[in-house]
Amino acid sequence: MNRFIGICATALIAAASPAAAQQTWSPAGQSGTLSGPLSMTYMGTYACNPTFTLTISADGKTATATPPPGCLYSVFTNGPYPVAANSPTSVTIKNITWVSPMVGCSGDLTGTFDSATSTISFNMAAVPAYMSPGAPPCKISGRLKATPGISFTIP
């Protein structure tokens, strides 16, 4: 019985390790942009047309999005943000922080990835509001297109 538990624990640790769940981004070693219209809704709507710098590591194991200096009445802070592929059609920009005059939103922003157009779409994606504990989340909508196009594989 102890041997069985040890084998199961080893398998569980291997499955949970970052190397086992690592995605591979392409084109490796390249930089580009993620750009397009976004809006944040919280006690009003704040629109922005940001251009993030997208960087894929030389080995293709990591991707990051560095925020632009800011938009009218709002700013992205605390970047660069890790980008994670959750599934063939889902991508998350991790720990994004968007601050406006009324609220600051910080957390993971998950959207739908269209591999044919290299576009991430957000439809009222919830990101926690951090300036008011217990407040409802910010809602983010819009599209970010990767130029040049990107792809990824998930083992």
Side-chain angles (χ1 to χ4, degrees), residues 15-133 135-155:
S17 73
Q22 190 92 36
Q23 69 264 338
T24 301
W25 293 88
S26 182
Q30 298 293 311
S31 289
T33 60
L34 277 175
S35 61
L38 292 178
S39 65
M40 173 181 48
T41 302
Y42 188 97
M43 295 176 61
T45 298
Y46 301 91
C48 187
N49 197 7
T51 298
F52 294 84
T53 301
L54 178 66
T55 305
I56 299 174
S57 64
D59 62 4
K61 297 298 182 190
T62 61
T64 57
T66 302
C71 296
L72 186 62
Y73 302 118
S74 63
V75 65
F76 293 92
T77 63
N78 301 328
Y81 312 124
V83 181
N86 309 314
S87 76
T89 58
S90 176
V91 171
T92 298
I93 301 173
K94 309 283 257 170
N95 303 315
I96 193 167
T97 302
W98 190 354
V99 181
S100 72
M102 298 300 287
V103 69
C105 306
S106 187
D108 294 348
L109 176 61
T110 299
T112 303
F113 181 70
D114 181 342
S115 60
T117 62
S118 289
T119 301
I120 308 168
S121 298
F122 308 100
N123 185 13
M124 299 299 281
V127 175
Y130 70 84
M131 295 174 103
S132 304
C138 301
K139 301 290 184 167
I140 297 178
S141 296
R143 293 179 325 276
L144 293 174
K145 180 173 178 50
T147 305
I150 58 170
S151 63
F152 55 84
T153 57
I154 302 172

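Residues Gly107 and Pro128 share a closest heavy-atom pair of CA-CD, 4.2 Å. Summarising the geometry of Leu54 relative to Ala146, their closest heavy-atom pair is CD2-CB, 4.3 Å, with the distance given to 0.1 Å. Closest non-hydrogen pair, Leu34 versus Ala65, comes out as CD1-CB, 4.2 Å. For the residue pair Ile150 and Phe113, the shortest heavy atom distance occurs at O-CZ, 3.8 Å. When every heavy atom of Trp25 is checked against every heavy atom of Ile56, the shortest pair comes out as CB-CG2, 3.6 Å. Between Thr45 and Ser39 the shortest heavy-atom distance is CG2-CB, 3.9 Å.
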- For side-chain contact (heavy atoms from CB on, under 4.5 Å), just list the numbers for Asn78 and Asn95, CA-CA rounded to whole Å, side-chain angles, deciding distance to a tenth of an Å, and then say yes or no. CA-CA 8 Å; Asn78 301 328; Asn95 303 315; over 6 Å; no
- Would you sort out whether Tyr81 and Phe76 count as a ring-ring contact (aromatic ring centres under 6.0 Å, His included), showing the intermediate values? CA-CA 10 Å; Tyr81 312 124; Phe76 293 92; 7.1 Å; no
- side-chain contact (heavy atoms from CB on, under 4.5 Å) between Met124 and Ile140, worked out: CA-CA 5 Å; Met124 299 299 281; Ile140 297 178; over 6 Å; no
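Of the inter-residue distances, the one linking Thr117 atom OG1 with Arg143 atom CZ reads 9.0 Å to the nearest 0.5 angstrom. Put simply, OG1 on Thr64 and CZ on Phe52 are 11.5 Å apart, with the number rounded to the nearest 0.5 Å. Taking OG of Ser100 as the reference point, atom CE of Met40 lies at 3.5 Å (rounded to 0.5 Å). To the nearest 0.5 Å, atoms CE (Met43) and SG (Cys138) are separated by 11.0 Å. In this structure, Thr89 OG1 and Ile120 CD1 are separated by 12.0 Å, a value rounded to the nearest 0.5 Å. The distance from the OG1 atom of Thr77 to the CD1 atom of Ile96 is 9.5 Å, given to the nearest 0.5 Å.
When side chains are defined from C-beta on, Tyr46 counts as touching Pro101, because their heavy atoms get closer than 4.5 Å. Looking at Val127 and Pro137, their side chains never come closer than 4.5 Å, going by heavy atoms from C-beta outward. Contact of the Ser90 side chain with the Thr110 side chain is registered, since non-hydrogen atoms from C-beta on lie closer than 4.5 Å. Between Phe122 and Ile93 there is a side-chain heavy-atom pair separated by less than 4.5 Å. With contacts defined as side-chain heavy-atom distances shorter than 4.5 Å, the pair Trp98/Leu109 does not qualify. Within the 4.5 Å cutoff, the side chain of Ser121 has no heavy atoms near those of the Asp114 side chain.
Thr97 and Ser106 form a side-chain donor-acceptor contact under 3.5 Å, judged by distance and modelled atom types alone. Remark: the Thr53 side chain and the Thr66 side chain contain no N/O donor-acceptor pair separated by less than 3.5 Å. Residues Asp108 and Thr92 have side chains that never bring a donor and an acceptor to within less than 3.5 angstrom of each other.
Counting heavy-atom neighbours within 6.0 Å of Asn123 CG, excluding the residue itself, gives a total of 12 or less.
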